[in-house]
Amino acid sequence: QVQVVESGGDSVQSGGSLTLSCAASGFTSSQYYMAWFRQAPGKEREGVAAIYSRSGTAHYADSVKGRFTVVLDNAKTTLTLQMTKLEPEDTAIYYCAAAAGSMIVGTRLTAAGYKFWGQGTQVTVSS
């Protein structure tokens with residue numbers, strides 16, 4: 001069973017930076033996607049960034065391009081989300097998710113495509 005556990009959530013000022021981490025375990029194949037999602041109060045869960053284990057190819061939501069960077073370490077066990085130029089609109093609970101195998105275009109940042117989820121970590125950005 002795949003397990004993912006997030007850490008690193010905090011409160012920061014607008015314009016600041018923060019790095020989230022996700023420890024992953026239980027993969028039985030070297031081919032999988034890992035992603036970060038976020039959910040703000042009253043809003044649907046939104047895909048932020050995803051990365052493919054075999055190629056390292058990353059995908060980003062338009063709202064975070066140029067500000068966020070997703071990295072999967074060489075051991076393929078830790079996923080990080082480096083967030084810069086944070087805005088109050090980035091305030092949300094951030095979730096790490098994983099999906100075995102490959103994913104087709106258009107699904108990599110959709111919650112329905114991921115089977116394994118962490119409990120979430122709170123990020124609050126104040127103006």
Side-chain angles (χ1 to χ4, degrees):
Q1 181 79 349
V2 175
Q3 292 187 320
V4 292
V5 179
E6 309 95 336
S7 62
D10 205 345
S11 296
V12 297
Q13 295 283 337
S14 180
S17 300
L18 192 64
T19 296
L20 304 182
S21 295
C22 172
S25 62
F27 289 113
T28 58
S29 167
S30 62
Q31 183 175 326
Y32 52 87
Y33 268 88
M34 291 191 71
W36 287 97
F37 287 79
R38 65 186 182 186
Q39 189 165 19
K43 294 188 177 181
E44 292 188 357
R45 193 165 295 191
E46 170 193 24
V48 175
I51 191 166
Y52 184 41
S53 64
R54 297 191 72 174
S55 66
T57 302
H59 309 272
Y60 296 92
D62 288 342
S63 58
V64 305
K65 280 181 181 176
R67 300 190 299 124
F68 290 11
T69 303
V70 64
V71 178
L72 184 60
D73 72 337
N74 289 335
K76 306 291 193 293
T77 59
T78 302
L79 181 73
T80 60
L81 184 67
Q82 301 165 352
M83 304 185 291
T84 65
K85 302 177 183 178
L86 283 163
E87 305 165 350
E89 292 74 24
D90 295 316
T91 295
I93 298 175
Y94 282 71
Y95 297 91
C96 179
S102 60
M103 300 180 78
I104 61 174
V105 174
T107 65
R108 293 157 183 160
L109 291 177
T110 58
Y114 291 82
K115 180 178 180 180
F116 307 103
W117 292 84
Q119 295 299 308
T121 186
Q122 177 71 47
V123 172
T124 302
V125 184
S126 57
S127 57

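Numbers here simply count residues along the sequence, with the first being 1.
Looking only at side-chain heavy atoms (C-beta outward), Asp90 and Arg67 come within less than 4.5 Å of each other. Val123 places a side-chain heavy atom less than 4.5 Å from the side chain of Leu18. Using a 4.5 Å heavy-atom threshold, the side chains of Val12 and Met83 count as separate. By the 4.5 Å heavy-atom criterion applied to side chains, Tyr60 and Leu109 are not counted as neighbours.
Evaluation of the side chain to side chain contact (heavy atoms under 4.5 Å, CB included) rule for Asp73 yields Ala75, Thr77, Thr78 as partners, not counting sequence neighbours.
Taking hydrophobic clusters as Ile, Leu, Val, Met, Phe, Trp and Tyr residues chained together by side-chain heavy-atom distances below 4.5 Å, Leu72 shares a cluster with Phe68. Both Val64 and Val70 belong to a single network of hydrophobic side chains, linked directly or stepwise wherever heavy atoms of I, L, V, M, F, W or Y lie under 4.5 Å apart. Residues Tyr95 and Met103 fall within the same hydrophobic cluster, defined by Ile, Leu, Val, Met, Phe, Trp and Tyr side chains chained together at heavy-atom separations under 4.5 Å.
In terms of heavy-atom proximity, Val4 sits nearest to Ala98 at CG1-CB, 4.2 Å. Contact record, Ala61 with Gly47: CB-O, 3.3 Å, taken as the closest heavy-atom pair.
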- Just do the side-chain contact (heavy atoms from CB on, under 4.5 Å) check on Arg38 and Ser63 with the steps written out, would you? CA-CA 12 Å; Arg38 65 186 182 186; Ser63 58; 3.5 Å; yes

- Item | Audit row: Met34, Cys96, side-chain contact (heavy atoms from CB on, under 4.5 Å) steps and yes/no | CA-CA 7 Å; Met34 291 191 71; Cys96 179; 3.7 Å; yes

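The 12-atom threshold is exceeded at CD of Gln31, counting heavy atoms of other residues, nucleotides or ligands nearer than 6.0 Å.
For the atom pair OG of Ser126 and CG of Leu86, the computed distance is 10.5 Å after rounding to the nearest 0.5 Å.
Thr121 contributes no side-chain N or O that, together with a main-chain N or O of Glu6, makes up a donor-acceptor pair within less than 3.5 Å. Using modelled atom types, no side-chain atom of Thr124 and backbone atom of Thr91 make a donor-acceptor pair closer than 3.5 Å.
Sequence neighbours left out, the pairs with a member in residues 18-57 that pass ring-ring contact (aromatic ring centres under 6.0 Å, His included) are Phe27-Tyr32, Tyr33-Tyr52, Phe37-Tyr114, Phe37-Trp117.
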